[in-house]
Amino acid sequence: MKKTAGIHHITAIVGHPQENVDFYGGVLGLRLVKKTINFDDPGTYHLYFGNGGGKPGTIITFFPWVGAYQGKIGDGQVGVTSYVIPVGAMPFWEKRLEKLGVLFNKESRFGETYITLEDPHGLRLELVEREDGEANNWTFGDITAEVAIKGFGGAILFSSQPEKTAKTLEEVMGLEKIAEEGDLIRFKSIGEIGNVIDLKTTSRGRGQMGVGTVHHIAWRAEDDKDQLDWQQYVGNHGYGVTEVKDRNYFNAIYFREHGEILFEIATDPPGFAHDESLETMGENLMLPYQYEKYRERLNNELIPIKIRNFD
(Lines give C-alpha, C1' and ligand atoms only; values in the text may rest on other atoms or scores of the structure.)
Protein backbone atom coordinates (compact mmCIF):
# COMPACT_ATOMS: atom_id res chain seq x y z
CA MET A 1 0.00 0.00 0.00
CA LYS A 2 1.21 3.49 -0.86
CA LYS A 3 0.99 6.23 1.76
CA THR A 4 1.08 9.97 1.17
CA ALA A 5 2.82 12.10 3.79
CA GLY A 6 -0.23 14.39 3.80
CA ILE A 7 -1.35 17.66 2.22
CA HIS A 8 0.98 19.30 -0.29
CA HIS A 9 -1.19 22.38 -0.92
CA ILE A 10 -4.77 23.59 -1.04
CA THR A 11 -6.06 25.81 -3.86
CA ALA A 12 -9.06 28.12 -3.52
CA ILE A 13 -11.01 30.73 -5.46
CA VAL A 14 -11.23 34.23 -4.00
CA GLY A 15 -12.16 37.78 -4.95
CA HIS A 16 -10.01 40.92 -5.06
CA PRO A 17 -6.29 40.04 -4.91
CA GLN A 18 -5.36 42.90 -2.55
CA GLU A 19 -7.97 41.75 -0.05
CA ASN A 20 -6.53 38.26 -0.36
CA VAL A 21 -2.97 39.50 0.23
CA ASP A 22 -4.05 41.71 3.14
CA PHE A 23 -5.60 38.77 4.96
CA TYR A 24 -3.14 35.94 4.37
CA GLY A 25 -0.05 38.14 4.41
CA GLY A 26 -1.05 41.04 6.65
CA VAL A 27 -3.35 39.31 9.16
CA LEU A 28 -2.17 35.69 9.23
CA GLY A 29 1.46 36.59 8.57
CA LEU A 30 2.05 33.95 5.92
CA ARG A 31 4.78 34.56 3.39
CA LEU A 32 3.84 35.33 -0.20
CA VAL A 33 6.22 32.77 -1.66
CA LYS A 34 5.18 33.06 -5.29
CA LYS A 35 3.42 35.65 -7.42
CA THR A 36 2.63 34.18 -10.80
CA ILE A 37 -0.34 33.70 -13.15
CA ASN A 38 -3.05 31.14 -13.70
CA PHE A 39 -1.60 29.12 -16.59
CA ASP A 40 -5.11 28.50 -17.95
CA ASP A 41 -6.22 32.13 -17.49
CA PRO A 42 -3.04 34.25 -17.71
CA GLY A 43 -4.85 37.52 -17.02
CA THR A 44 -5.41 36.28 -13.45
CA TYR A 45 -2.90 35.90 -10.65
CA HIS A 46 -1.98 32.62 -9.04
CA LEU A 47 -0.76 33.53 -5.55
CA TYR A 48 0.99 31.13 -3.19
CA PHE A 49 1.33 31.65 0.58
CA GLY A 50 3.25 29.44 3.00
CA ASN A 51 5.93 29.32 5.64
CA GLY A 52 9.29 31.03 5.28
CA GLY A 53 10.70 28.27 3.13
CA GLY A 54 7.57 27.65 1.07
CA LYS A 55 7.59 23.99 2.08
CA PRO A 56 4.98 21.41 1.10
CA GLY A 57 2.33 21.12 3.78
CA THR A 58 2.26 24.89 4.32
CA ILE A 59 1.13 26.20 0.92
CA ILE A 60 -2.28 27.67 0.21
CA THR A 61 -2.79 28.99 -3.32
CA PHE A 62 -5.39 31.32 -4.77
CA PHE A 63 -7.05 32.24 -8.03
CA PRO A 64 -8.38 35.77 -7.33
CA TRP A 65 -11.20 36.77 -9.68
CA VAL A 66 -12.65 40.22 -9.10
CA GLY A 67 -16.41 40.26 -9.61
CA ALA A 68 -16.78 36.48 -9.87
CA TYR A 69 -19.90 34.90 -8.41
CA GLN A 70 -19.92 33.70 -4.83
CA GLY A 71 -19.64 29.96 -4.38
CA LYS A 72 -21.39 27.73 -1.89
CA ILE A 73 -19.45 25.49 0.49
CA GLY A 74 -20.92 22.00 0.47
CA ASP A 75 -20.60 18.38 -0.51
CA GLY A 76 -17.78 17.63 -2.93
CA GLN A 77 -15.38 20.15 -1.43
CA VAL A 78 -12.85 20.83 1.26
CA GLY A 79 -15.18 22.53 3.73
CA VAL A 80 -12.67 23.88 6.24
CA THR A 81 -8.90 24.42 6.01
CA SER A 82 -7.06 23.90 9.29
CA TYR A 83 -3.83 25.67 10.26
CA VAL A 84 -1.57 24.52 13.07
CA ILE A 85 -0.01 26.99 15.51
CA PRO A 86 2.50 26.34 18.31
CA VAL A 87 1.25 25.16 21.67
CA GLY A 88 0.52 28.23 23.78
CA ALA A 89 -0.05 30.54 20.79
CA MET A 90 -3.86 30.66 20.93
CA PRO A 91 -4.12 33.71 23.25
CA PHE A 92 -1.88 35.67 20.85
CA TRP A 93 -4.11 34.82 17.89
CA GLU A 94 -7.30 35.67 19.76
CA LYS A 95 -5.90 39.11 20.61
CA ARG A 96 -4.57 39.64 17.09
CA LEU A 97 -7.85 38.80 15.41
CA GLU A 98 -9.74 41.04 17.82
CA LYS A 99 -7.30 43.90 17.19
CA LEU A 100 -7.65 43.57 13.42
CA GLY A 101 -11.43 43.23 13.47
CA VAL A 102 -11.63 39.61 12.37
CA LEU A 103 -14.65 37.80 13.81
CA PHE A 104 -14.01 34.34 15.22
CA ASN A 105 -15.47 31.64 17.45
CA LYS A 106 -14.00 28.77 19.45
CA GLU A 107 -15.04 25.16 18.98
CA SER A 108 -13.88 21.79 20.27
CA ARG A 109 -13.62 18.35 18.66
CA PHE A 110 -11.52 15.26 19.28
CA GLY A 111 -10.18 16.84 22.47
CA GLU A 112 -8.78 19.90 20.68
CA THR A 113 -9.85 23.56 20.75
CA TYR A 114 -10.10 25.48 17.50
CA ILE A 115 -10.34 29.15 16.61
CA THR A 116 -12.81 29.21 13.69
CA LEU A 117 -13.05 32.13 11.26
CA GLU A 118 -13.65 33.13 7.67
CA ASP A 119 -11.41 35.04 5.30
CA PRO A 120 -12.80 38.16 3.53
CA HIS A 121 -14.23 36.04 0.71
CA GLY A 122 -15.93 33.36 2.79
CA LEU A 123 -13.33 30.59 2.98
CA ARG A 124 -13.70 28.74 6.27
CA LEU A 125 -10.50 28.45 8.30
CA GLU A 126 -9.45 27.31 11.74
CA LEU A 127 -6.37 27.47 13.97
CA VAL A 128 -5.39 24.65 16.32
CA GLU A 129 -2.45 24.21 18.69
CA ARG A 130 -0.29 21.12 18.11
CA GLU A 131 3.24 19.99 18.85
CA ASP A 132 3.64 18.54 15.34
CA GLY A 133 5.53 20.49 12.70
CA GLU A 134 8.64 22.64 12.74
CA ALA A 135 8.56 26.29 13.77
CA ASN A 136 7.97 28.87 11.04
CA ASN A 137 10.83 31.35 11.22
CA TRP A 138 9.10 33.84 8.92
CA THR A 139 8.42 36.86 11.13
CA PHE A 140 6.02 39.62 10.15
CA GLY A 141 4.89 42.56 12.27
CA ASP A 142 4.08 41.29 15.75
CA ILE A 143 4.16 37.66 14.62
CA THR A 144 7.26 35.85 15.86
CA ALA A 145 8.40 32.25 15.35
CA GLU A 146 6.97 31.41 18.79
CA VAL A 147 3.41 32.04 17.57
CA ALA A 148 3.60 31.93 13.75
CA ILE A 149 1.41 29.54 11.78
CA LYS A 150 3.50 26.43 11.09
CA GLY A 151 1.45 25.20 8.14
CA PHE A 152 -1.61 23.05 7.64
CA GLY A 153 -3.10 21.10 10.49
CA GLY A 154 -5.32 19.41 7.92
CA ALA A 155 -8.83 19.86 6.60
CA ILE A 156 -12.46 18.91 7.00
CA LEU A 157 -13.82 17.20 3.90
CA PHE A 158 -17.47 17.47 2.85
CA SER A 159 -18.31 14.49 0.67
CA SER A 160 -21.37 13.53 -1.35
CA GLN A 161 -20.58 9.86 -0.60
CA PRO A 162 -18.62 9.87 2.67
CA GLU A 163 -18.34 6.10 2.96
CA LYS A 164 -16.60 6.02 -0.43
CA THR A 165 -14.38 8.98 0.43
CA ALA A 166 -13.40 7.20 3.65
CA LYS A 167 -12.43 4.16 1.63
CA THR A 168 -10.34 6.32 -0.71
CA LEU A 169 -8.53 8.00 2.17
CA GLU A 170 -7.65 4.65 3.73
CA GLU A 171 -7.21 2.27 0.82
CA VAL A 172 -5.79 4.63 -1.82
CA MET A 173 -4.10 7.54 -0.04
CA GLY A 174 -2.90 5.39 2.85
CA LEU A 175 -4.27 7.43 5.76
CA GLU A 176 -5.16 5.67 9.01
CA LYS A 177 -8.58 5.96 10.62
CA ILE A 178 -7.88 6.98 14.22
CA ALA A 179 -11.14 8.23 15.77
CA GLU A 180 -14.86 8.94 15.36
CA GLU A 181 -16.91 11.66 17.05
CA GLY A 182 -20.46 12.69 16.19
CA ASP A 183 -20.68 12.98 12.43
CA LEU A 184 -16.92 13.14 11.91
CA ILE A 185 -14.33 10.46 11.18
CA ARG A 186 -10.69 11.38 11.79
CA PHE A 187 -7.84 10.11 9.62
CA LYS A 188 -4.13 10.72 9.95
CA SER A 189 -1.25 10.49 7.49
CA ILE A 190 2.37 9.60 8.21
CA GLY A 191 3.65 13.19 7.85
CA GLU A 192 4.35 15.75 10.55
CA ILE A 193 2.16 18.50 9.11
CA GLY A 194 -0.99 18.68 7.00
CA ASN A 195 -1.65 15.25 8.40
CA VAL A 196 -5.10 15.26 10.09
CA ILE A 197 -8.21 14.89 7.94
CA ASP A 198 -11.71 14.98 9.37
CA LEU A 199 -14.45 13.61 7.13
CA LYS A 200 -18.02 14.77 7.68
CA THR A 201 -20.50 11.91 7.33
CA THR A 202 -23.65 14.05 7.08
CA SER A 203 -24.61 16.10 4.05
CA ARG A 204 -24.49 19.90 3.86
CA GLY A 205 -26.07 19.95 0.43
CA ARG A 206 -24.20 20.12 -2.83
CA GLY A 207 -21.39 22.67 -3.03
CA GLN A 208 -21.08 25.18 -5.84
CA MET A 209 -17.69 26.32 -7.08
CA GLY A 210 -17.05 30.05 -6.88
CA VAL A 211 -15.50 32.73 -4.70
CA GLY A 212 -14.96 31.50 -1.15
CA THR A 213 -14.59 27.81 -1.99
CA VAL A 214 -11.70 25.39 -2.26
CA HIS A 215 -11.01 24.20 -5.79
CA HIS A 216 -8.90 21.16 -4.89
CA ILE A 217 -6.71 19.54 -2.26
CA ALA A 218 -3.26 18.28 -3.25
CA TRP A 219 -1.44 15.37 -1.62
CA ARG A 220 2.30 14.90 -1.48
CA ALA A 221 4.43 12.71 -3.75
CA GLU A 222 8.13 12.44 -2.94
CA ASP A 223 9.37 13.03 -6.50
CA ASP A 224 8.56 12.40 -10.17
CA LYS A 225 9.11 8.65 -9.91
CA ASP A 226 6.86 8.40 -6.86
CA GLN A 227 4.21 10.42 -8.69
CA LEU A 228 4.25 8.03 -11.66
CA ASP A 229 3.82 5.18 -9.19
CA TRP A 230 0.85 7.06 -7.72
CA GLN A 231 -0.61 7.59 -11.20
CA GLN A 232 -0.57 3.87 -11.88
CA TYR A 233 -1.71 3.02 -8.36
CA VAL A 234 -4.71 5.37 -8.48
CA GLY A 235 -5.64 4.12 -11.94
CA ASN A 236 -5.46 0.53 -10.74
CA HIS A 237 -8.04 1.43 -8.07
CA GLY A 238 -10.51 2.39 -10.78
CA TYR A 239 -10.11 6.18 -10.89
CA GLY A 240 -9.64 8.20 -14.05
CA VAL A 241 -6.37 10.02 -13.45
CA THR A 242 -4.88 12.74 -15.66
CA GLU A 243 -1.55 12.85 -17.38
CA VAL A 244 1.29 14.61 -15.56
CA LYS A 245 0.98 18.40 -15.78
CA ASP A 246 4.00 20.68 -15.30
CA ARG A 247 3.07 23.42 -12.81
CA ASN A 248 6.60 24.86 -12.76
CA TYR A 249 7.03 24.47 -8.99
CA PHE A 250 5.75 20.90 -8.90
CA ASN A 251 4.29 18.32 -11.25
CA ALA A 252 0.64 17.40 -10.80
CA ILE A 253 -1.85 14.65 -11.54
CA TYR A 254 -5.57 14.90 -10.77
CA PHE A 255 -8.52 12.62 -10.11
CA ARG A 256 -11.98 13.14 -8.65
CA GLU A 257 -12.75 10.71 -5.85
CA HIS A 258 -16.24 9.20 -5.57
CA GLY A 259 -17.42 11.82 -3.08
CA GLU A 260 -16.77 14.40 -5.86
CA ILE A 261 -13.79 16.10 -4.18
CA LEU A 262 -11.02 16.95 -6.64
CA PHE A 263 -7.75 15.36 -5.51
CA GLU A 264 -4.32 16.28 -6.85
CA ILE A 265 -1.06 14.49 -6.19
CA ALA A 266 1.86 16.94 -6.42
CA THR A 267 5.61 16.43 -6.25
CA ASP A 268 7.61 18.00 -3.44
CA PRO A 269 10.37 19.16 -5.83
CA PRO A 270 11.46 21.39 -7.46
CA GLY A 271 9.84 23.87 -5.05
CA PHE A 272 9.51 27.63 -5.17
CA ALA A 273 13.14 28.77 -5.07
CA HIS A 274 14.24 27.35 -8.42
CA ASP A 275 13.34 30.47 -10.44
CA GLU A 276 14.16 33.08 -7.78
CA SER A 277 16.22 32.94 -4.62
CA LEU A 278 14.88 31.77 -1.27
CA GLU A 279 15.47 35.28 0.06
CA THR A 280 13.51 37.04 -2.72
CA MET A 281 10.66 34.56 -3.28
CA GLY A 282 7.38 36.33 -3.89
CA GLU A 283 8.81 39.76 -4.66
CA ASN A 284 8.56 39.67 -8.45
CA LEU A 285 6.00 38.46 -10.96
CA MET A 286 7.32 35.12 -12.16
CA LEU A 287 6.14 33.81 -15.52
CA PRO A 288 6.60 30.46 -17.23
CA TYR A 289 8.74 30.75 -20.36
CA GLN A 290 5.76 30.57 -22.73
CA TYR A 291 4.27 33.74 -21.20
CA GLU A 292 7.47 35.75 -20.80
CA LYS A 293 6.88 37.54 -24.10
CA TYR A 294 3.60 38.90 -22.69
CA ARG A 295 5.18 40.30 -19.50
CA GLU A 296 4.60 43.97 -20.30
CA ARG A 297 0.95 43.38 -21.19
CA LEU A 298 0.35 41.25 -18.11
CA ASN A 299 1.96 43.82 -15.85
CA ASN A 300 -0.48 46.37 -17.22
CA GLU A 301 -3.52 44.07 -16.90
CA LEU A 302 -2.92 42.57 -13.46
CA ILE A 303 -4.13 44.53 -10.43
CA PRO A 304 -1.13 45.84 -8.44
CA ILE A 305 -0.76 44.16 -5.04
CA LYS A 306 1.50 44.69 -2.05
CA ILE A 307 1.98 43.16 1.38
CA ARG A 308 0.88 45.61 4.06
CA ASN A 309 1.86 45.54 7.72
CA PHE A 310 -1.13 46.32 9.98
CA ASP A 311 0.83 46.30 13.26
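In this chain, residues are counted from 1 in sequence order. Just so you know, these numbers come straight off a predicted model, no measurement behind them.
Listed for the Glu222 side chain is no donor-acceptor partner under 3.5 Å among the backbone atoms of Asp268. Under the 3.5 Å distance criterion, the side-chain polar atoms of Asn136 are matched with a main-chain donor or acceptor of Ile149.
Under the 4.5 Å side-chain criterion, counting only non-hydrogen atoms from C-beta, Met1 is in contact with Tyr233.
In this structure, the separation between OG1 on Thr165 and CD on Glu170 is 12.0 Å, given to the nearest 0.5 Å. We find the CG-CG distance between Leu103 and Leu97 to be 9.5 Å, quoted to the nearest 0.5 Å. Rounded to the nearest 0.5 angstrom, Leu262 CG and Phe255 CZ are separated by 9.0 Å. Atoms CD1 and OG1, from Ile190 and Thr4 in turn, are 7.5 Å apart once rounded to the nearest 0.5 Å. To the nearest 0.5 Å, atom CZ of residue Phe158 and atom OG1 of residue Thr201 are 11.0 Å apart. To the nearest 0.5 Å, atoms OG (Ser108) and CD (Glu181) are separated by 9.0 Å.
Scanning both residues, Asn251 and Asp224, for their nearest heavy atoms gives ND2-OD1, 3.1 Å. Asp311 approaches Asp142 most closely through the heavy-atom pair OD2-N, 2.9 Å. Taking every heavy atom of both residues into account, Leu123 and Ala12 meet most closely at CD1-CB, 3.5 Å.
Taking the six-membered ring where tryptophan is involved, the planes of His9 and His216 are perpendicular, since the angle between them exceeds 60° and thus also 30°. Ring geometry, Tyr48 versus Tyr249: the interplanar angle exceeds 60°, so the pair is classed perpendicular (tilted spans 30 to 60°). Ring planes of Tyr291 and Tyr294: tilted class, angle from 30 to 60°. Between Phe49 and Phe62, the angle of the ring planes goes over 60°, which puts this pair in the perpendicular group of the 30/60° scheme.
Side-chain polar atoms of Asn38 and Tyr45 form no donor-acceptor pair below 3.5 angstrom. Of the N and O atoms on the side chains of Glu146 and Thr144, at least one donor lies less than 3.5 Å from an acceptor on the other residue. Gln227 and Thr267 share no side-chain donor-acceptor pair at under 3.5 Å.
Two different hydrophobic clusters hold Val80 and Val196 under the rule that ILVMFWY side chains link at heavy-atom gaps under 4.5 Å.
The local environment of CD in Gln290 is crowded, with over 12 non-hydrogen atoms from other residues, nucleotides or ligands closer than 6.0 Å. Within a 6.0 Å radius of CD in Gln232, other residues, nucleotides and ligands contribute 12 heavy atoms or fewer. No more than 12 heavy atoms of other residues, nucleotides or ligands lie within 6.0 Å of NZ in Lys3, so this atom counts as exposed by the packing criterion. More than 12 heavy atoms of other residues, nucleotides or ligands lie within 6.0 Å of NZ in Lys200, so this atom counts as buried by the packing criterion. By the neighbour-count criterion of 12 heavy atoms within 6.0 Å, atom CD of Glu292 is densely surrounded, having more than that number from other residues, nucleotides or ligands.
By the 4.0 Å N-to-carboxylate-O rule, Glu94 lies close enough to Lys106 to be salt-bridged with it. Ionic pairing of Arg247 and Glu264 is not present here: no N-O contact between side-chain nitrogen and carboxylate oxygen is shorter than 4.0 angstrom. Comment: Glu98 does not engage Lys95 in a salt bridge, judged by the lack of any side-chain N to carboxylate O separation of less than 4.0 angstrom.
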Assess whether side chain to side chain contact (heavy atoms under 4.5 Å, CB included) is satisfied between Thr81 and Val214, documenting all intermediate values. CA-CA 9 Å; Thr81 299; Val214 170; 4.1 Å; yes
Test Ile85 against Trp93 for side chain to side chain contact (heavy atoms under 4.5 Å, CB included), laying out the working first. CA-CA 9 Å; Ile85 55 176; Trp93 283 100; 3.8 Å; yes
Is there a salt bridge (Lys or Arg N to Asp or Glu O under 4.0 Å) between Arg206 and Asp75 once you walk through the steps? CA-CA 5 Å; Arg206 189 177 186 85; Asp75 299 349; over 6 Å; no
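Counting only residues at least two apart or in different chains, salt bridge (charged side-chain N to carboxylate O under 4.0 Å, His left out) contacts with residues 9-34 comprise Asp22-Arg308, Lys34-Asp275, Lys34-Glu276.
A cation-pi contact, defined as under 6.0 Å to the ring centre and within 45° of the axis, is absent between Arg256 and Phe263.
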